[in-house]
2 protein chains.
Amino acid sequence: MQPLYEKVKKKITESLVQGEWSPGEAIPSETELANVYDVSQGTVRKAIDELSAESILIRRQGKGTYVATHNEENIQLRFLRLTSNFGLKEKLDNQLVSFSKEKATNKLAKILNINPASTIISLKRVLTFNEKPLILDLIKIPAQSFRGVTAEMVVEKKGSMYRMYESDFGVRMLRADEKIRAINANFESASLLNVKENTSLLSVERISYTYENKPLEWRLGLCVTDDHYYRSELD
Amino acid sequence: MQPLYEKVKKKITESLVQGEWSPGEAIPSETELANVYDVSQGTVRKAIDELSAESILIRRQGKGTYVATHNEENIQLRFLRLTSNFGLKEKLDNQLVSFSKEKATNKLAKILNINPASTIISLKRVLTFNEKPLILDLIKIPAQSFRGVTAEMVVEKKGSMYRMYESDFGVRMLRADEKIRAINANFESASLLNVKENTSLLSVERISYTYENKPLEWRLGLCVTDDHYYRSELD
DNA sequence: GAGTGGTCTAGACCACGGC
DNA sequence: CCGTGGTCTAGACCACTCA
């Protein structure tokens with residue numbers, strides 16, 4: 001038998017998926033939800049505790065519980081773990097290199113769990129910090145889930161893809177898995193990142209997931225780690 | 001005012017630091033602890049919930065709550081995040097390259113929060129997977145906290161440093177911070193790892209912490225990422 | 001069957017935010 | 001002042017483990 005609070009958690013998650021409550025908005029109070037679902041307030045609390053631990057909901061004492069959003073200033077970079085060696089605050093900029101539609105390869109179709117040869121959006125861009133090229137990103141997303149996306153929209157959002165996914169397509173990325181390797185820059189990446197060929201680059205391959213572990217973005221980032229490092233916390 | 005369960009959590013942590021309950025052992029039941037600390041069982045539960053979420057304690061339904069240990073099979077590698085590209089299970093081996101005592105540099109003294117120029121143990125080793133060199137580790141630990149450690153002990157433990165820390169010195173590492181970069185192999189690392197000079201290597205700089213965020217190990221690992229990658233989960 | 005952690009409830013009071 | 005989430009309690013019952 002499934003615990004009651006797990007059922008409540010699922011119901012709340014469903015409402016979130018349905019867009020019943022929007023990012024940034026408050027959800028009903030614990031007592032209200034307890035009445036709606038006909039359980040005790042403590043049970044709702046336990047469900048919200050877990051969603052809050054997963055950063056899906058945000059509690060604010062005295063105010064209420066809010067749907068997490070990526071539209072706030074400090075969440076612009078979402079999954080970016082690169083930090084300056086000197087701890088400086090940096091000016092982020094973004095140049096779109098290419099934008100196209102293409103057919104998914106079998107490998108990509110499998111990763112994104114879509115039909116083989118379905119249409120995907122593929123884009124390449126360079127992120128600069130303080131005018132210096134730092135990351136070359138190759139991003140692939142299924143066209144089906146992002147209908148009507150254009151190069152102009154990407155440029156306008158200044159590189160905050162996750163903000164665009166959320167505000168324009170109602171797609172909230174909740175978690176991501178990354179595979180990290182060290183590789184040598186080839187001709188293209190070297191010239192775009194303004195480094196010598198064969199320079200060591202950090203290769204970060206990322207799959208991002210929305211609700212219910214549905215993968216919706218594949219991304220390969222090549223990073224110059226002369227003045228930056230990738231943070232990782234283990235426990 | 002500090003919540004009651006936070007106080008209980010601190011008391012439990014103190015007992016753990018004092019070694020009152022050893023790794024692998026069960027701690028007193030929730031009701032017993034509630035009597036000892038003169039709080040309700042629910043309050044003890046909340047304290048243990050958090051320690052359990054931090055993997056400091058392990059709950060086992062019907063049996064009791066146990067002190068986490070690193071002596072079990074699957075925890076041998078503790079903080080190692082490298083995975084084979086092919087998902088294979090691999091045979092780990094370990095060669096000690098050097099072992100020495102030296103004076104801490106100012107930088108290291110600051111990182112480990114010890115007096116400048118205090119004695120530290122410095123060791124270098126190569127980890128091989130399926131006979132192939134994979135990681136070159138440089139490890140530095142304060143001699144003060146690991147009195148009597150010898151090269152023989154390290155060799156005998158077959159590279160499981162964290163297991164040795166725990167079983168021989170009562171030091172349990174709870175978490176670690178890592179800084180990851182891509183670098184080029186120099187002459188020494190290239191020859192020890194059996195790759196060409198200037199090959200790209202993953203540089204993983206790690207600081208490990210025991211109870212109360214006390215740093216007790218600094219480590220630099222250089223990894224060959226041809227057939228392996230570093231896993232990272234973001235949320 | 002006894003003892004443990006796991007779930008669920010109901011109710012009291014506290015701390016914070018905002019009107 | 002009210003409504004919110006945060007803490008704390010007490011007690012009931014369930015699920016699991018082991019002798």
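Throughout, protein chains are lettered first and strands after them, A, B, ... in sequence-line order, and every chain is numbered starting at 1. Please read these numbers as outputs of a predicted model, since none were measured by experiment. Values below: every heavy atom of this structure, side chains too, minus hydrogens, waters and symmetry copies.
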Checklist outcome for this item: Winner on side-chain proximity to Ser40(A), out of dT9(D), dT4(C), dC8(C), is dC8(C)
Next on the checklist: Among residues 45-59 of chain B, which ones have heavy-atom contacts with DNA chain D below 4.0 Å?
Outcome noted: Lys46(B)
Checklist entry - Is a donor on one side and an acceptor on the other found under 3.5 Å between the side chain of Ser22(B) and the backbone of Glu25(B)? => result no
Checklist entry - Is a side-chain donor-acceptor pair under 3.5 Å present for Thr210(A) with Arg172(A)? => result no
Next on the checklist: Quick check against the 3.5 Å criterion: does Ser84(A) have a side-chain atom that pairs as donor or acceptor with the backbone of Phe86(A)?
Outcome noted: yes
Checklist outcome for this item: When rounded to whole Å, the OH to C1' distance for the pair Tyr37(B) and dC8(D) reads 18 Å
Checklist entry - Any sub-3.5 Å donor-acceptor pair from Thr13(A)'s side-chain atoms to Lys9(A)'s backbone N or O? => result yes
Checklist entry - Do any side-chain nitrogens or oxygens of Ser29(A) fall under 4.0 Å of OP1 or OP2 in dT4(D)? => result yes
Next on the checklist: Between P on dT4(D) and OH on Tyr66(A), what's the gap in Å once rounded to a whole number?
Outcome noted: 11 Å
Next on the checklist: Please evaluate residues Lys91(A) and Glu131(A) with respect to the criterion salt bridge (Lys or Arg N to Asp or Glu O under 4.0 Å), reporting the C-alpha separation (whole Å), side-chain torsions for both, the decisive distance (0.1 Å), and the verdict.
Outcome noted: CA-CA 8 Å; Lys91(A) 187 167 150 269; Glu131(A) 329 292 339; 3.0 Å; yes
Checklist entry - Can you check the Arg60(B) CZ to dC16(D) C1' distance for me, whole Å? => result 13 Å
Checklist entry - Under 3.5 Å, is there a donor-acceptor pair between the side chain of Ser118(A) and the main chain of Ile114(A)? => result no
Item to check | Whole-Å gap separating C1' (dT7(C)) and NZ (Lys7(A)) | outcome: 12 Å
Checklist outcome for this item: Gln2(A) CD to dA15(D) C1', in whole Å, measures 16 Å
Checklist outcome for this item: Nucleotide by nucleotide, nucleotides 11-19 of chain C touches protein heavy atoms under 4.0 Å in the pattern (B base, S sugar-phosphate only, - none) ----BBSS-
Checklist outcome for this item: Looking only at dT9(D), dT4(D), dG6(C), the nucleotide nearest the Glu30(B) side chain is dG6(C)
Next on the checklist: So, does Tyr5(A) get its side chain near the phosphate of dT7(C), meaning an N or O under 4.0 Å from OP1 or OP2?
Outcome noted: yes
Checklist entry - Parallel, tilted or perpendicular for Tyr165(B) and Phe146(B), by the 30°/60° rule? => result tilted
Checklist outcome for this item: Considering only heavy side-chain atoms of Leu4(A), the closest of dC8(C), dG5(C), dT7(D) is dC8(C)
Checklist entry - Regarding Glu178(B) and Tyr230(A), is there a side-chain donor-to-acceptor distance under 3.5 Å anywhere? => result no
Checklist entry - Taking for each residue the nucleotide of DNA chain C with the nearest heavy atom, is it Thr31(B) or Pro3(A) whose nucleotide lies nearer the 5' end? => result Thr31(B)
Checklist entry - Under 4.0 Å between a side-chain N or O of Thr65(B) and OP1 or OP2 of dG5(C)? => result yes
Checklist entry - Can you name the closest pair of heavy atoms from Pro142(A) and Leu216(A) and give their distance? => result CD-O, 3.4 Å
